[in-house]
Structures are given as structure tokens and as C-alpha cells.
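The structure appears below as C-alpha cells.
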Amino acid sequence: GETATLVSVDPSTPEELAALAEVDRLLGAIRKAAVWGEAGAEGFAALLEGIRAIHSGEFARAEAELTRALGSAQLRTFETVLKLVRARSRFLQSKYEASIEDMDAVNRAWPDHALPLLVRAVARTGAAATARPEDAESILRQALADLDAALERNATETTVRMNRGALWIS
């Protein structure tokens, strides 16, 4: 019977504010718990600060905090999710190649999921938009290949179909 509240970029509802307060409470408890130790608590603090930074539009700070969290041995279990979130912060800074590198790692960890391929295709589309004209076509073909592979993994994923259609038209 657990529930979760997703917090928007601008948390304003009572539920979102309560969720953020609960995160702060849990972080305090983690810091006090001897099982995690100071290093583990700092890793969790970096994770939470990275998420807060993304929600506040501070993408460079988010990337730095998530990279710090990835260095925490206590957070190795969450490495794939951390890289997925960091890929988003990198994409939002137009660091497309770095975003693609993170998504390569996520794709290796989740070989049956469509999401890593979708996110990587979007990052490749950004990379193509900023690439030299002679390189853009090859990058777009890689993005199309990612979307085709994502459809093979999940043929009913509407977001993949929409992105593939938009990319094919362009």
C-alpha cells in the first residue's frame, strides 16, 4: 500500500510540498543512521540536491551533484537510475555527447527496456542539430535506429512512435 508523489518543476500543491518535506525528513534520518555512515549520507544528499537542481532549472549544478552521487559506493545499486537522471541534466545543457554516453550505460543495464533508446535518440537528435552538416545525417540515422529498436522492445510505446514519426518527417 505504498504511494508516491511526483514533484513537478515548481512544487506548489500540498501533496508536492509534503513529499519534499518527507524527503528532507528521510535524509535527516539517513544522516543519523550509522548503517550508512557519513559518506553514504553525503551520497544521498548529493542525489537529492541533484534532483532539486533539475526541478529548479539549475542543470549544471544537477549534473555536478548527480556525478558526486555516482561516486558514492553506497549508491551503486542506483547507478543506472542516476545515470538516466544525469543524462537528462546533460541534455538540458545541450551536452548531447555526454548524455548519449550516460544512455549507452543505461541501455547496457536495461537491455529489454525502450526508455534508454528513446532518450538516447532524443539526445542524438540534439547532437545532429548542432553537428556539422556532413555528420548530421549519420547521427540522425543512429537516432532512427534507436527508435526502431525501441519499438521492437515495446511496440505500443506511443512516445517512441511519435518521436520516430517526427524524426522521419524531418
Side-chain angles (χ1 to χ4, degrees), residues 1-127 129-130 143 146 149-150 153-154 157-160 163:
E2 292 290 321
T3 61
T5 299
L6 294 177
V7 179
S8 67
V9 171
D10 184 20
S12 57
T13 68
E15 294 84 10
E16 290 175 325
L17 293 172
L20 283 176
E22 179 65 6
V23 165
D24 285 337
R25 185 191 69 75
L26 290 171
L27 182 58
I30 288 168
R31 282 193 167 126
K32 291 177 186 172
V35 68
W36 291 107
E38 187 64 27
E42 290 308 313
F44 276 101
L47 165 63
L48 293 175
E49 286 303 317
I51 291 170
R52 283 179 188 254
I54 284 178
H55 287 290
S56 65
E58 299 174 70
F59 307 123
R61 187 169 70 87
E63 179 184 5
E65 292 292 346
L66 294 165
T67 299
R68 190 164 64 102
L70 279 162
S72 173
Q74 292 83 352
L75 295 180
R76 288 282 151 70
T77 302
F78 307 109
E79 181 177 356
T80 302
V81 174
L82 286 168
K83 285 187 177 180
L84 176 64
V85 177
R86 186 176 68 177
R88 178 177 178 213
S89 71
R90 288 174 161 181
F91 174 83
L92 292 169
Q93 296 175 79
S94 301
K95 293 182 175 181
Y96 303 118
E97 293 303 322
S99 181
I100 291 166
E101 287 174 18
D102 278 346
M103 291 317 302
D104 287 343
V106 173
N107 188 47
R108 285 189 299 275
W110 294 346
D112 298 327
H113 295 276
L115 180 64
L117 294 170
L118 171 61
V119 175
R120 188 171 69 186
V122 171
R124 284 186 172 161
T125 303
T130 60
D146 280 347
R153 292 179 184 180
N154 184 350
E157 178 57 56
T158 304
T159 307
V160 174
N163 276 279

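These numbers were taken from a predicted model, which means no experiment stands behind them.
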- Looking at side-chain heavy atoms only, is the closest gap between Ser89 and Arg61 below 4.5 Å? no

- At what distance, to the nearest 0.5 angstrom, does CZ of Arg88 lie from OG of Ser99? 11.0 Å

- With a 4.5 Å heavy-atom cut-off, do Met103 and Leu84 have their side chains touching? yes

- Reported OG1-to-CG distance for the pair Thr67 and Leu82, which is rounded to 0.5 angstrom: 9.5 Å

- Message: So which atom in Ala46 and which in Ala69 form the shortest heavy-atom distance, rounded to 0.1 Å?
- Response: CB-N, 3.8 Å

- Item | Ala98 backbone acceptor or donor facing Arg86 side chain under 3.5 Å | no

- Take Asp146 and Arg124 through the test salt bridge (charged side-chain N to carboxylate O under 4.0 Å, His left out) and record every step on the way to the result. CA-CA 9 Å; Asp146 280 347; Arg124 284 186 172 161; 3.0 Å; yes

- Between CD of Glu58 and CD of Glu63, what distance do you get to the nearest 0.5 Å? 13.5 Å

- Do Val85 and Asp102 have side-chain heavy atoms sitting under 4.5 Å apart? no

- Query: Got Tyr96 and Thr125 here, is their nearest side-chain heavy-atom distance under 4.5 Å?
  - Reply: no

- Query: Got a salt bridge between Glu49 and Arg68, using NZ or NE/NH1/NH2 to carboxylate O under 4.0 Å?
  - Reply: no

- Message: Do Asp112 and Arg153 make a side-chain contact, defined as non-hydrogen atoms from C-beta onward lying under 4.5 Å apart?
- Response: no

- Write down the atom of Ala105, the atom of Lys83, and the distance for their closest heavy-atom approach. CB-CD, 3.8 Å

- Message: Donor-acceptor check, side chain of Glu79 to backbone of Leu75, threshold 3.5 angstrom: yes or no?
- Response: no

- Query: Judged by atom type as modelled, is there a donor-acceptor pair below 3.5 Å linking the side chain of Arg90 to the main-chain atoms of Lys95?
  - Reply: no

- Query: Which atom names give the shortest non-hydrogen contact between Ala62 and Ile54, and what distance separates them?
  - Reply: CB-CG1, 3.4 Å

- Is there side-chain contact between Arg52 and His55, with heavy atoms separated by less than 4.5 Å? no

- Which heavy atom in Ala114 sits nearest to a heavy atom in Ala150, and how many Å separate them? CB-O, 3.6 Å

- Message: Do Glu65 and Leu47 make a side-chain contact, defined as non-hydrogen atoms from C-beta onward lying under 4.5 Å apart?
- Response: no

- Note on the structure: The reported gap from CG in Asn107 to NE2 in His113 (rounded to nearest 0.5 angstrom) is 10.5 Å

